Amino acid sequence: MTDENTTPAPAGEAKATDHRSRPHSQAFVDFITAQWAPRADLGVLPSAAVPFTAARRARLAEQFPGARLVIPAGPLKVRSNDTDYRFRPHSTFAHLTGLGTDQEPDAVLVLNPVEAGTGDGGGDFHAELYVRPLAARDTEEFYADSRYGEFWVGARPSLDDVTTFTGIEARHVDALRDALAKDVGAGVVLLVVSGADETVETLVEAIRAEAGEEAAEDGLTDEALVRAASELRLVKDDLEIEQLREAVDRTIEGFAEVVRALPRAVAHRRGERVIETTFDAHARLEGNAVGYETIAASGEHATTLHWISNDGEVREGDLVLLDAGVEIDSLYTADLTRTLPVTGSYSEVQRRVYQAVLDAADAAFAAARPGARFLDVHEAAMKVIAERLEEWGLLPAGVTAAVALTPEGQQHRRWMVHGTSHHLGLDVHDCAQARRELYQEGVLEPGMVFTIEPGLYFKADDLAVPEEYRGIGVRIEDDVLVTADGNENLSAALPRDPSAVEEWMRSLRG
Ligand code: GLY
Ligand code: MN
């Protein structure tokens with residue numbers, strides 16, 4: 001389906017070079033813009049996120065007094081030619097507005113400095129949300145704009161609907177330029193979250209240049225804004241935790257669907273695609289999408305950390321590694337991995353490797369408590385991995401686990417080159433712009449949510465290990481909430497002990 005016949009041609013004439021352009025007759029325009037019933041009231045109500053997003057905006061704005069903060073949702077992105085990817089707003093925008101799914105291309109959140117005490121919640125900033133609202137039926141956009149028109153993408157919300165739903169004053173995006181430029185160079189510093197929308201960044205640059213604004217002062221930089229917005233998400237609020245629980249629950253259901261589909265996967269020449277599409281269908285049915293490309297890796301493919309081609313066979317006797325997450329409509333995602341025996345039972349050597357990874361994960365869980373460093377969780381897992389490799393005689397001659405664990409050693413990491421944990425939230429790798437001292441070297445606090453995902457990966461052509469290990473890849477990944485006195489495994493309902501996995505698979509396959 002293209003927009004042939006409907007893209008308006010300039011001055012009522014088709015361009016010779018554009019095969020899609022057709023003139024619109026006045027008769028057509030008169031007829032298509034008339035005889036429409038009044039728009040139905042959509043009955044929009046305030047989102048449950050309203051008080052939470054207001055608190056998040058206040059915590060961000062208070063770090064940049066006197067600055068105007070610009071947070072774009074981002075534009076539609078071309079997939080090919082005149083077709084776009086499904087829209088997903090930038091995560092910073094989603095976090096601060098509560099808008100999710102495909103809302104709202106080209107929108108821009110602005111946190112505007114105002115006189116102290118006169119702003120939102122009695123503070124010193126006022127939030128405004130610049131959006132492209134639904135166009136009237138007598139506009140060309142209504143019938144002829146394949147990117148934004150009601151005929152093409154459906155009715156978008158009105159300004160009033162956006163205001164009601166988000167609790168933020170919505171304004172027309174056409175007013176953005178003047179709103180951003182006001183008093184810049186006369187006391188107001190303009191900062192933009194970079195990486196979300198090039199057009200908005202270019203506009204901000206132009207306004208700064210016109211105002212003769214010099215280099216930013218006192219940490220008032222775009223980079224500092226991006227960092228602060230990322231760090232704001234290190235500790236999740238109650239709504240975020242509720243949404244992460246939901247994402248995890250939907251994901252666990254998807255894993256069960258995959259177990260039920262394993263016989264079909266074995267029967268298909270591209271069995272990994274059966275796994276991928278089974279999980280992804282569940283994600284679309286029960287959530288917004290997958291939170292990242294599903295990894296469905298059977299046999300040796302499991303030793304490729306981000307195997308997303310998923311075009312291989314699934315054979316009896318293989319282990320299949322499924323690393324997948326449902327992103328719910330608010331855009332929070334889970335990130336879980338299980339490594340399952342296709343037959344339903346682990347072989348002796350598969351179980352040995354699996355148990356080592358599970359023991360590493362358990363050690364990481366034991367380390368994940370308030371006051372510990374984020375890095376302690378990784379180090380606890382690494383200690384178990386190195387010791388098990390030493391026990392199996394896989395470390396180089398003369399290298400003990402203790403030697404391997406020194407910064408100068410690290411030989412064990414040949415078989416696990418990735419980290420054990422990453423923060424999780426709106427982005428699968430959440431808080432990625434946070435400072436090292438708050439992330440890797442940061443101290444755990446209640447409300448943090450991250451993965452614990454150790455693994456062991458023995459490639460088929462790895463001459464450093466005995467043949468029985470070659471081609472085995474195992475990862476076990478859970479999503480963990482730091483609590484006041486330890487942690488809670490949010491994905492505890494998905495079996496991880498090898499015997500429990502076998503029992504669970506049996507119960508699903510009947
Ligand atoms: N689950 C994919 C990753 O953490 O990289
Ligand atoms: Mn992960």
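Order of listing sets the numbers, starting from 1, for every ligand and every atom in it. Hydrogens, waters and symmetry mates play no part in the numbers below; they use all other heavy atoms, side chains included. Quantities reported herein were computed from a predicted structural model and do not represent experimental measurements.
One of the N, O or S atoms belonging to Asp335 lies under 2.8 Å away from the Mn ion (ligand 2). For the Mn ion (ligand 2), the set of nearby N, O or S atoms under 2.8 Å includes none belonging to His429.
Here is the list of ligand 1 atoms found below 4.0 Å of a heavy atom in Asp335: 1 (N), 4 (O). Within ligand 1, counting atoms from 1 as listed, the ones closer than 4.0 Å to a heavy atom of His306 are 3 (C), 5 (O).
Closest protein heavy atom to atom 3 (C) of ligand 1: His429 NE2, 3.1 Å.
By the 30° and 60° cut-offs, the orientation of the rings of Tyr457 relative to His418 is perpendicular. Between Tyr439 and Phe374, the angle of the ring planes goes over 60°, which puts this pair in the perpendicular group of the 30/60° scheme.
Considering all non-hydrogen atoms of both residues, Thr294 and Asn310 come closest at O-ND2, 2.9 Å.
Using a 4.5 Å heavy-atom cutoff, the side chains of Val465 and Arg470 are in contact.
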Pair His306-Asp323, side-chain hydrogen bond (donor to acceptor under 3.5 Å, both in side chains): steps then yes or no: CA-CA 9 Å; His306 287 169; Asp323 181 338; 6.0 Å; no
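For the ligand labelled ligand 1, residue Asp323 lies inside the 4.0 Å heavy-atom shell.
Only the side chain of Glu453 comes within 4.0 Å of ligand 1, counting heavy atoms alone; its backbone N, CA, C and O stay farther away.
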